[in-house]
Structure formats: C-alpha cells, structure tokens
Amino acid sequence: MMFEELFKDKEPQDILRKFYDISKIPRVPGDQKQISDYMVAWAKGLGLYVSQDKLYNVLVVKPASKGMESRPAIILQAHLDMVCEKDPGVKHDFSKDPLKLRLVDGDKIMATGTTLGADDGIGVATIMALFEDDSLVHPKIEALFTIDEETDMKGAWGFDCSQLTGKTLINLDSFAIMVSGSGELEFKMHLQKKQEKIAAGSKLINIKVGGLLGGHTGQNSMNERGNAIVMVNRILLELEKEIKYQLLYMQGGAGLSSAFARNAEATIAFESKDEAKVYEICKRQLEVYKYELEIRDPGVTVTIEEVKENWKVAFAESTTDTLRTLLLLLPDGLFTINHKFEGAMESCSNVGVVETKEEEILVTILIRSFMENRKYYLLDRVKRICKILDIKYELGYDIPHWEFCVSDSLMAIAKEIYLDCIVDVAQGTLETGIFRAHMPDVEIIALSCPYYNAHSPQEYLLISEMKLYKERLIKLLARLCI
C-alpha cells in the first residue's frame with residue numbers, strides 16, 4: 001500500500017515517511033549492506049558528514065544549530081537490523097521483500113504476517129526526521145546507526161568510538177525513561193545425532209505446538225509466555241510414560257534465541273495400535289496448556305498431521321533420551337525478579353532454538369540478567385547439565401549489562417520533559433553496556449518512542465505516541481543547549 005493511502009493526514013508525517021521508506025529495505029541481521037548503503041546515500045544527500053566502517057555501521061554528524069556551536073555534542077544511537085519473524089504459512093522473504101505495513105484503528109501500525117521492525121526502525125526514522133529539520137535548536141549531533149544488534153551486537157563491539165566527541169549518549173531503542181539494562185549471553189549445545197532404523201510397519205505423525213504470542217524474551221519476560229519447544233518436549237515426555245515411540249525430527253523457534261519460540265514440532269514413529277493413545281495424550285496435554293496459559297498465552301494449539309514422506313531412520317534411543325532430558329533440565333523462563341524496579345525481571349533464560357541438522361541437534365539458550373553473578377550462575381547450571389549428559393557446547397556471545405550512569409542534571413531534564421514516564425530499566429539487552437565499556441566517561445539514557453510485542457508478528461507502535469515522543473526529544477535537545 002502506498003504511503004499516502006496509509007498515512008494521509010497523520011502526524012508526524014516526517015517520521016512516518018522515513019519509517020515507511022526503510023520498511024521497504026531488507027534489514028536482516030548479518031546482512032545489512034543494503035540498509036547501510038541507503039543511510040550513507042541519505043546523509044550525503046543532506047550534505048552531512050558520513051562514514052561507513054567495514055562492518056557497515058554508519059556515523060552521520062549534523063552540526064549544531066546557529067549559535068549553539070559551543071554546546072557539548074550529543075550522541076543519538078539506534079540499530080539498523082530487525083528480528084525477522086513471520087506467522088506460519090506466510091510467504092515472505094526478509095532478504096528481499098518489503099514489509100507490508102497496515103494501519104489498525106487509525107493509530108496502530110503493524111506489518112501483515114511478519115514482525116514490524118519498529119525495533120529499531122522507529123529509532124532510525126526518528127533520527128532521520130530530526131536531521132532533515134533545519135528549524136530545530138540543538139547542539140552538534142553524532143548519530144550512530146549500528147548493525148547486528150539483534151544477534152551478537154557485532155556492530156557496537158566493532159565500532160571505533162574514538163570518532164565520537166559527545167559525552168551524552170541517548171539510546172533510541174527502548175522506552176523512555178530507562179537508565180540501566182540487562183546483559184545477556186547466548187549458549188549453543190551440540191548433541192551428536194545417533195540414528196537407527198524405523199521399526200517396520202510404524203505409523204508416522206508430526207506433532208505441532210503453535211498459536212503462541214511469542215515476543216521479546218527480555219521485554220516480555222514478566223509475562224511468562226509459553227515456549228513451544230518446551231511444550232513439545234513435555235508431550236514427548238508424556239508419550240514416553242505410556243507408549244514406545246521413535247523420534248525422527250524436532251524443530252522449534254525461528255533461529256533467534258532472543259524471541260520466545262511460538263512454534264515447534266516433533267515427528268515420531270510408533271506402532272499403529274497406539275494411535276488412539278497418542279491422540280489422547282496430545283489432546284490431554286493441550287487441555288493442560290490451555291489451563292496453564294489461560295491468561296498469559298490463550299491461543300495455544302496442538303495439532304497432529306500424518307506424515308506421508310518415506311522416512312527410513314530415526315534418532316537412536318540414547319539420542320532421544322538425551323534430548324528429552326536436556327530440554328527438561330534446562331532453565332527456561334523467569335529466574336529471579338528485580339527488587340529495585342517494580343515489574344521487572346532480574347534474570348531469566350530462554351530455550352529459544354532447536355534445530356535438527358544432518359549430524360547433530362542444535363539447542364540454543366539465551367540468558368539475561370542485570371547482575372553478572374546471576375548470569376554466570378545460570379551459565380554454570382547449563383554447563384553442568386551438558387557435562388552430565390556429555391553434550392558439546394560453545395559460548396555464542398556475552399554482552400555486558402548497563403549500569404546506571406546518568407548525571408543529576410540530565411536526569412532532572414528528562415523527568416521534567418517526560419513527566420508521565422517512570423524511571424525504569426531495559427529488560428531487553430541494549431548496546432548501551434558495550435558503549436559504556438568503550439567510553440566509561442559517557443553518560444547514557446534511553447528515551448525512545450515505545451514499541452510493543454517486539455520479536456513477534458504482533459509487533460506494533462502507535463502514531464499518537466510517535467508524535468508525542470518526537471516533540472519531547474526536540475524539547476530535550478533544545479534544553480541541552482541552555
């Protein structure tokens with residue numbers, strides 16, 4: 001749908017236009033050359049200083065408005081990539097297809113069947129709109145657009161921060177007002193896949209868990225939503241109690257451990273005489289899930305499909321047992337709550353991905369915490385489980401948490417301008433901890449327009465809030481000139 005059809009007479013037109021434009025450009029983690037090049041061309045078109053490093057991070061500098069040249073520079077920071085999730089059955093290639101934006105009830109922006117990319121397209125679009133407006137009062141602004149925030153934050157790790165002169169960094173990838181955030185680490189487990197022949201005459205079915213909300217494993221941690229991987233494994237554990245079966249295949253999550261697994265499936269083979277029992281157990285387990293998730297995640301489904309493919313081998317019994325045990329023992333969900341900030345987690349973990357590969361089964365877990373000791377305690381638990389089960393593992397990445405480092409003066413201005421916002425913490429992991437490690441003398445605060453249900457196709461943002469937070473950021477920049 002054309003921009004004019006979607007957003008005619010909606011304000012702020014400038015941010016909406018920029019958000020619409022970048023939504024047409026692929027922003028897949030690990031492949032952001034297209035959006036990075038677009039940002040460079042945009043900055044050059046404005047006649048601004050721009051640099052692009054070998055990782056495809058982009059730095060754009062806008063000189064201070066007239067008379068404000070002596071004021072200290074400000075850093076605005078957002079990331080270019082997005083989480084690429086879609087509903088089952090949706091045909092969308094994130095590497096080339098534009099997002100299909102839609103407007104709900106005149107205010108809510110969503111994408112059709114996919115994530116919206118408001119995380120962090122809204123931060124990028126806001127900076128672009130501000131840079132195009134020469135009527136604003138502001139100090140020198142150094143805008144940093146990073147890559148791969150949604151995976152290993154390679155962009156933030158690799159950026160040469162000596163290029164930055166500002167001593168105040170405003171992150172535009174979270175809710176205002178946020179003054180600290182969790183750290184995270186990703187841990188990958190490699191289970192060797194031993195195989196055996198499928199018993200002659202076996203019945204084959206595929207069991208799927210779906211209909212879950214999914215979402216951001218930090219931002220939505222306190223919601224305690226369902227995990228399809230864990231739920232499929234619970235069905236396998238229940239089946240084990242009553243029938244003999246072979247496991248052929250298991251898959252869950254969408255490749256990113258930072259999102260709750262909304263869908264997961266397992267293919268099993270069993271004697272035909274046990275078919276009714278299998279269906280009964282799956283039906284019973286669905287009733288359990290609906291009871292457990294009545295408030296938190298009410299759309300859960302369990303479906304069974306007959307398998308027509310000619311499978312010849314299954315996991316060996318030892319492999320199946322190890323996988324079931326691993327998924328049973330791994331810590332998943334909320335671990336401790338935050339007693340400093342009400343309604344926030346202190347530490348949590350997410351079994352985010354299970355992939356059946358040619359020679360192994362890959363299981364990935366993501367651990368988040370505001371405290372390093374909690375993070376590494378959970379890691380020690382996972383390592384000990386792997387040691388007991390003789391499973392190989394590797395650390396994917398380890399990102400530091402963000403400690404409070406805001407000056408009294410900046411806090412006072414933020415509280416005055418964002419007067420209805422409580423001082424809060426980012427339960428999702430931002431790049432701020434990395435920048436704090438690079439620049440220990442820089443103060444950091446997050447003051448972005450909110451987005452909701454990140455990392456899921458239910459992601460949305462509100463035009464009314466977009467307008468409000470634009471006005472507030474403009475006021476903040478002007479106040480920093482006084």
Side-chain angles (χ1 to χ4, degrees), residues 28-31 81 83-85 147-158 182-194 214 216-218 221 227-233 236 247 249-266 315 318-333 335 347-369 372 374-401 428-429 433-434 455:
V28 181
D31 183 15
D81 60 321
V83 167
C84 299
E85 278 251 15
I147 58 100
D148 287 355
E149 190 272 350
E150 299 294 358
T151 52
D152 58 4
M153 302 199 183
K154 179 173 63 179
W157 281 119
S182 69
E184 72 177 51
L185 61 82
E186 186 180 68
F187 191 75
K188 298 183 178 183
M189 292 150 276
H190 303 270
L191 171 58
Q192 184 182 359
K193 189 175 71 174
K194 298 177 182 177
H216 191 292
T217 62
S221 58
N227 183 327
I229 293 170
V230 173
M231 295 163 80
V232 164
N233 192 58
L236 296 178
L247 181 61
Y249 174 84
M250 190 171 182
Q251 198 83 4
L256 281 176
S257 57
S258 59
F260 293 118
R262 296 179 299 112
N263 303 280
E265 59 186 293
F315 299 168
S318 61
T319 298
T320 297
D321 188 58
T322 300
L323 178 60
R324 286 187 305 230
T325 303
L326 174 66
L327 295 176
L328 173 64
L329 296 180
L330 286 175
D332 180 78
F335 185 63
S347 58
C348 64
S349 58
N350 177 58
V351 180
V353 181
V354 171
E355 294 180 88
T356 298
K357 296 180 174 292
E358 188 173 339
E359 296 183 353
E360 67 174 15
I361 303 161
L362 173 66
V363 179
T364 307
I365 190 170
L366 187 77
I367 298 170
R368 297 182 190 269
S369 180
E372 283 197 351
R374 291 286 191 193
K375 183 171 69 173
Y376 294 128
Y377 173 67
L378 284 169
L379 177 62
D380 285 343
R381 286 182 59 178
V382 176
K383 284 183 175 180
R384 182 59 60 94
I385 292 168
C386 291
K387 183 178 180 181
I388 292 170
L389 297 176
D390 194 25
I391 295 173
K392 294 180 180 180
Y393 57 80
E394 63 175 317
L395 181 65
Y397 55 79
D398 188 352
I399 299 166
H401 62 289
T429 305
I434 299 172
H455 297 193

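Sequence positions, counted from 1, serve as the residue numbers for this chain. What you see is a predicted model; the values in this text were computed from it and never measured.
Under the 3.5 Å distance criterion, with hydrogens and angles disregarded, no donor-acceptor pair is assigned to the side chains of Tyr249 and Glu265. Using modelled atom types and a 3.5 Å distance limit, the side chains of Ser347 and Arg368 yield no donor-acceptor pair. If you check the side chains of His401 and Glu184, you find no donor sitting under 3.5 Å from an acceptor. Using a 3.5 Å distance cut-off with no hydrogens or angles, the side chains of Ser182 and Thr429 do pair a donor with an acceptor.
A heavy-atom distance below 4.5 Å is not found between the side chains of Leu191 and Glu360.
In this structure, OG1 on Thr320 lies 7.0 Å from CD1 on Ile361, to the nearest 0.5 angstrom. Within the model, atoms CE of Met250 and CG of Leu236 stand 5.5 Å from one another, a figure rounded to the nearest 0.5 Å. The structure places CG of Leu330 at 10.5 Å from CG of Asn227, a figure rounded to the nearest 0.5 Å. We find the OG-CD distance between Ser258 and Glu150 to be 5.5 Å, quoted to the nearest 0.5 Å. The structure places CG of Leu379 at 12.5 Å from CD of Glu186, a figure rounded to the nearest 0.5 Å. Separating the CZ atom in Phe187 from the CG atom in Leu378 is a distance of 12.0 Å, to the nearest 0.5 Å.
Between the Asp332 side chain and the Val351 main chain, a donor and an acceptor come within less than 3.5 Å of each other. Remark: side-chain polar atoms of Gln251 are not paired, donor with acceptor, to backbone N or O of Ala264 under 3.5 angstrom.
Among residues at least two apart or in separate chains, side-chain hydrogen bond (donor to acceptor under 3.5 Å, both in side chains) pairs with a member in residues 384-395 are His190-Glu394.
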Derivation of the side chain to side chain contact (heavy atoms under 4.5 Å, CB included) call for Tyr376 and Leu185 = CA-CA 9 Å; Tyr376 294 128; Leu185 61 82; 3.9 Å; yes
Test side chain to side chain contact (heavy atoms under 4.5 Å, CB included) on Phe315 and Leu323 and set out the steps.
-> CA-CA 10 Å; Phe315 299 168; Leu323 178 60; 4.2 Å; yes
Are Met189 and Ile365 close enough, and set up right, to give a side chain to side chain contact (heavy atoms under 4.5 Å, CB included), and what steps lead you there?
-> CA-CA 8 Å; Met189 292 150 276; Ile365 190 170; 3.7 Å; yes
Would you sort out whether Val354 and Leu362 count as a side chain to side chain contact (heavy atoms under 4.5 Å, CB included), showing the intermediate values?
-> CA-CA 6 Å; Val354 171; Leu362 173 66; over 6 Å; no
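When each of Cys348, Ser257, Ser349, Pro331 is tested with Ile367 by the rule side chain to side chain contact (heavy atoms under 4.5 Å, CB included), just one qualifies, namely Ser349. Each of Val230, Val232, Asn233 was checked for a side chain to side chain contact (heavy atoms under 4.5 Å, CB included) with Leu327, and the lone residue meeting it is Asn233.
Taking 4.0 Å as the cut-off between side-chain N and carboxylate O, Asp321 and Arg324 count as a salt-bridged pair. Between Glu85 and Arg262 a salt bridge is recorded (basic side-chain N to carboxylate O distance below 4.0 Å).
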